[in-house]
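Notes follow once the structure below has been shown.
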Amino acid sequence: MSTMKTTRDVRGVGLSIPRPDGPEKVTGRVQYVADMTSRGLLHAKLLRSRHAHARIVGIDTTRAKALPGVRAVLTARDIPELKHKAPTRAHAVLAIDRVVFAGQPVAAVAADEAAIAEEALDLIEVQYEVLPAAVDPLKSMQPGAPPVAELGTEADTSEALAHSAVAMAKGEAAPAKAVNISQTAAVKRGDVAKGFAESDLVLEHTYRVPMVHQGYLEPHAVLAEWDRAGNLTLWASTQGSFNTRSEVADVLGIEENRIKVIPVECGGGFGGKIRALCEPITALLARATKRPVRYVMTRREELEAGMPAPQVIIRLKTGVKRDGALMALEAETVLESGAFSGTVLAVSAVFLGSLYRWPAFDIKGSEVLTHKPSVAAYRAPVAPQTIFAIDSHMESLARALALDPVEFRRRHLQKPGEPMVNNQPWASNGAHEVLTRIAEHPLWKEREAWKKSSGNGHGLRGTGLALGGWLGGLQPTSATVKLNPDGTLAVLTGQVDIAGTNIALAQIAATAYGLDIDKVKITTGDTDVAPLTGLSAGSKTIYTVGTAVLQAAQNARQQTLEIAAKELEASVQDLEIVDGKVIVRGVPDKGVTLASIGKKGNLYMSKVEPVLGVAHPAFSQQAPAFAAQLARIEVDPDTGQTTLHDFVVVQDAGHAINPLGVEGQMQGGAVQSLGIALTEALMYDDSGRLMNPSLLDYRTLTAADLPDIETIIVEVPSPSGPYGARGVGEPPIVPAPAALANAIHDATGVRLTEVPLTPERIALAIAAKG
Amino acid sequence: MILPGSVKECVQALAEHGAAAKLVAGGTDLLPQLKNHLLKPGVVVDLSGVATLKKLTADKGLRIGAAVTARELERDGRLATGAYRGLAESGALVGSVQVRHLATVGGNICNAAPSADMIPPLLALDAEAVIAGPRGERRVPLRDFITGVRTTVLGADELLVELSVPDPGPHSGGAYLRHTPRRELDIAVVGVGSQVTLANGVCTKARIALAAVAPTPVHARAAERALEGQALTPQRIEEAAKLAVEAARPISDQRGSVEFRRHLVRVLTRRTLTTALARANGGQA
């Protein structure tokens with residue numbers, strides 16, 4: 001992308017500007033959906049199955065309906081739109097005659113008060129015939145496992161399209177009897193058997209990362225209201241209001257024009273608020289009662305019946321020569337998708353087979369259904385899990401061969417232009433640069449001294465690092481930039497700001513147009529007024545919407561200069577915008593103010609066209625972004641407790657539009673990555689019930705567990721991003737599981753292949769080693 | 001909600017409402033139970049107006065009012081010395097700072113969770129529970145107070161008013177340690193409170209109390225007996241730690257496996273005994 005040079009520096013791109021929404025949020029003034037009300041508002045509650053797999057023999061709602069204050073009780077019978085073969089979780093509004101995970105809604109209540117709705121749930125009588133549940137994905141893959149989906153249900157691959165359109169060959173159809181394998185994919189290159197035969201060292205491990213929850217602070221919430229003409233308004237906590245509109249329209253079978261989605265301040269999504277979840281049932285309750293209805297999930301419901309990240313199991317076998325030459329890689333990835341299809345198989349194959357240069361590989365992937373809540377994206381879906389496998393493996397190989405672990409990675413790391421597993425070339429990226437930068441860090445250079453300081457009252461000390469990244473999502477988008485009558489600038493998109501992106505987009509508009517940031521206002525419009533845009537996901541808001549805003553601002557600038565050129569009787573090429581005024585270059589006293597141009601565009605009888613910059617780009621070029629993380633730790637060998645002393649994140653931002661915002665993403669991503677590495681796991685018993693449905697036992701890390709996180713931004717400009725920017729949201733959640741496993745290996749000599757790396761796992765592994 | 005101003009008024013309120021009444025002090029256990037519909041009391045008796053329950057007296061032993069907070073145990077200078085340090089340490093580990101300002105020792109005991117942090121050090125100090133009821137006051141050794149998971153000897157018309165700790169003597173040291181995966185806002189996977197009292201270089205009394213390894217907190221009797229009458233060497237401490245494992249009857253759950261809990265009992269018993277010994281010897285450990 002050619003970046004139009006403004007003739008004078010403006011306050012815009014490159015400045016660290018705090019998020020304007022920050023003070024509102026930390027002081028509790030922001031209105032989330034749960035804070036909103038409407039005249040005659042009713043409150044919704046859902047009755048959820050306690051069983052992971054059961055046939056519904058009968059539901060009696062008589063007593064619940066009789067409870068004073070209850071306005072509607074719905075079961076699947078009351079909703080003719082429901083289909084047996086629900087293609088997505090959103091379509092499975094209420095269970096029809098079979099429940100397929102513990103926590104699945106079977107009935108819905110709307111009542112005058114939340115407490116009444118809750119009381120009504122206790123009065124609904126459901127008779128279940130409990131069926132055997134498929135809980136372990138490896139067993140669920142086997143013929144004869146209890147079936148999850150209705151026969152003939154199609155795999156849902158839309159998630160893959162939303163995130164990282166990496167083309168992959170579909171695998172051969174699963175064996176007919178393996179009813180729970182919903183998707184397969186396979187890629188192969190070279191002669192793997194020959195590669196292993198010629199290898200000096202063959203290493204095989206199975207890596208496992210459990211289901212984890214995205215951990216957004218605000219649970220799913222929506223307020224639904226119909227008008228008399230049959231139009232639905234949804235105030236939603238969503239990562240993409242147009243997507244929510246499409247999904248709800250599809251489930252309800254109505255035109256999108258009949259639905260307005262108003263994106264309310266979103267208290268975190270991380271992939272968990274892409275797909276519709278509770279919007280359809282809330283809309284149906286509102287339709288049934290002819291009243292506005294609000295539904296807010298509880299934390300327990302979030303953990304039991306949200307849309308967590310899949311469990312990922314990767315069997316990885318590699319062969320190398322004594323001198324470190326890579327020979328062959330064989331991998332089998334199992335993604336546990338829960339009760340509905342919808343995972344991303346391709347990401348795993350790309351990082352397993354083509355982050356490093358394997359001359360021969362054979363990679364198979366399967367998506368497996370189980371009787372658990374269906375999964376969704378979680379910040380760089382499947383990347384932390386895959387990097388945990390491949391980076392742990394690279395570290396183990398380097399150690400086994402007594403090679404420097406960074407040099408070993410750097411030697412085999414693919415460069416831009418080299419082929420990915422799907423034979424597409426790697427786009428420009430800064431993987432080498434971030435790896436080089438982190439290896440220069442004093443904590444890495446001093447790792448031997450740190451290790452030697454173990455004992456003498458200290459625990460076992462070690463240092464580890466890992467490299468991971470994200471391929472970068474793409475989605476068409478659009479934006480407008482208009483000049484106001486007072487010479488200020490207004491940017492409009494439909495993009496939900498879940499990560500501080502609006503201030504960065506405004507910075508892009510400021511620089512591209514040539515006006516200071518304090519004169520630029522940005523608005524996220526609802527689906528009725530905003531131009532179409534995609535999800536706030538895939539690390540693509542700045543990369544794609546930033547491009548649209550850049551182009552729209554350039555377009556508005558061009559229009560502005562053309563209007564000024566006529567007035568100044570000068571050529572557009574000779575004009576520049578300085579301090580809110582268009583002037584002829586070098587003649588600062590001859591000019592016309594932006595305010596006068598803006599005013600003429602809105603003046604009665606004026607012949608000057610209003611300035612309205614528009615852009616609606618689509619994209620084909622991804623911009624991969626990489627992060628490397630380093631952990632300096634200490635392990636108590638008796639209790640297995642890991643203390644994080646230092647943590648460093650080095651990340652390629654391409655060009656940091658708002659460095660403060662980029663650092664915020666690096667910090668937040670690191671904390672979530674460390675949670676996956678050390679403490680987080682959704683734990684299910686043999687019957688498929690969640691054992692830890694509260695934040696007491698589902699352990700997200702707290703500030704007390706974390707050291708200061710050092711952030712270092714590297715800038716390897718993307719040839720295609722606005723001002724060279726790359727996506728920054730996802731890369732920092734990727735490396736920590738591997739970095740921590742590597743650090744624990746360094747400290748204790750124990751190699752763990754399953755996260756979270758809990759004290760129990762560490763202590764028992766050390767004890768077993770003796 | 002009833003707001004009594006004295007223990008007597010509390011007893012009257014309980015006599016009136018019986019099993020329908022639930023006492024609340026800090027509320028850090030009660031409120032989550034109400035929120036999760038585990039309890040539906042007809043009436044809540046708020047103890048915050050009863051001043052005598054908030055007193056902590058140190059005079060030849062301790063008298064700890066049931067409504068003394070975890071934070072007070074953590075911060076009280078009189079508990080900072082060797083003999084009572086274990087109690088202070090247990091207070092310092094509960095919840096978070098905010099929770100510790102509310103959570104009370106009496107609440108922790110009456111909630112009777114197997115993992116309660118403040119119980120093991122009090123058991124190790126041979127504390128007695130002072131109970132008020134319609135028939136006056138009765139005293140029950142703390143080790144007999146808790147009868148099972150979330151059950152105690154308290155009748156529906158009784159309340160715990162005080163913990164009475166006998167003077168452990170001049171050469172006594174205590175320590176409490178627990179294991180949690182997180183540093184704060186977590187619950188013990190295993191907790192161990194140890195107390196050792198010395199005379200002429202010999203251990204005259206040893207107490208080891210274990211949390212979260214049985215339906216109730218338990219004493220490791222065999223380990224205690226193995227130490228009493230002995231000079232406490234690292235070897236004897238290690239042997240006692242092994243014996244303590246035998247007193248544990250842990251289960252596997254979302255917080256830890258049987259194997260890991262047994263492992264932790266040994267590690268934490270060794271560590272608390274070592275620290276308690278140093279404190280009994282006047283060390284600042």
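Quick note on labels: first sequence line is chain A, next is B, and so on, each numbered from 1. Remember, it's a predicted structure, so these values are computed and weren't measured experimentally.
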message = Can you tell me which portion of Leu764(A) sits under 4.5 Å from chain B's heavy atoms? Options are side chain, backbone, both or neither.
response = side chain

ask   = Considering only heavy atoms from C-beta outward, does the side chain of His179(B) approach that of Asp638(A) to under 4.5 Å?
value = no

note = Nearest heavy-atom contact between Ala704(A) and Arg183(B) is O-CD, 3.1 Å

key: By side chain to side chain contact (heavy atoms under 4.5 Å, CB included) - contacts of Ala107(A) (at least two apart)   = Leu47(A), Thr75(A), Ile124(A)

key: Test side chain to side chain contact (heavy atoms under 4.5 Å, CB included) applied to Leu93(B) - qualifying residues, sequence neighbours left out   = Tyr176(B), Arg178(B)

request  = Run through Asp186(B), Thr180(B), Leu185(B) and flag the one making a side chain to side chain contact (heavy atoms under 4.5 Å, CB included) with Arg699(A).
outcome  = Asp186(B)

request  = Mark yes when over 12 heavy atoms from residues, nucleotides or ligands other than Lys769(A) sit less than 6.0 Å from its NZ; otherwise mark no.
outcome  = yes

inquiry  = Could you check whether Arg271(B) and Thr639(A), counting side-chain N and O atoms only, form a donor-acceptor pair closer than 3.5 Å?
reply    = no

key: Contact residues of residues 245-265 of chain B (partner chain A; heavy-atom separation under 4.5 angstrom)   = Asp253(B), Gln254(B), Arg255(B), Gly256(B), Ser257(B), Glu259(B), Phe260(B), His263(B), Leu264(B)

inquiry  = Using heavy-atom distances under 4.5 Å, tell me whether Thr643(A) contacts chain B through its side chain, its backbone, both, or neither.
reply    = both

Arg182(B) vs Thr702(A) side-chain heavy atoms within contact, under 4.5 Å = yes

query = By a 4.5 Å heavy-atom criterion (distance strictly below it), what part of Leu695(A) contacts chain B: side chain, backbone, both, or neither?
reply = backbone

ask   = Is the CZ atom of Arg236(B) crowded by more than 12 outside heavy atoms at less than 6.0 Å?
value = yes

Proximal component of Met691(A), with respect to chain B [non-hydrogen, under 4.5 Å] = both

ask   = Do you know the tightest heavy-atom contact between Pro181(B) and Pro759(A)?
value = CA-CG, 4.2 Å

inquiry  = At under 4.5 Å between heavy atoms, what parts of residues 95-109 of chain B are in contact with chain A? List them by residue number.
reply    = none

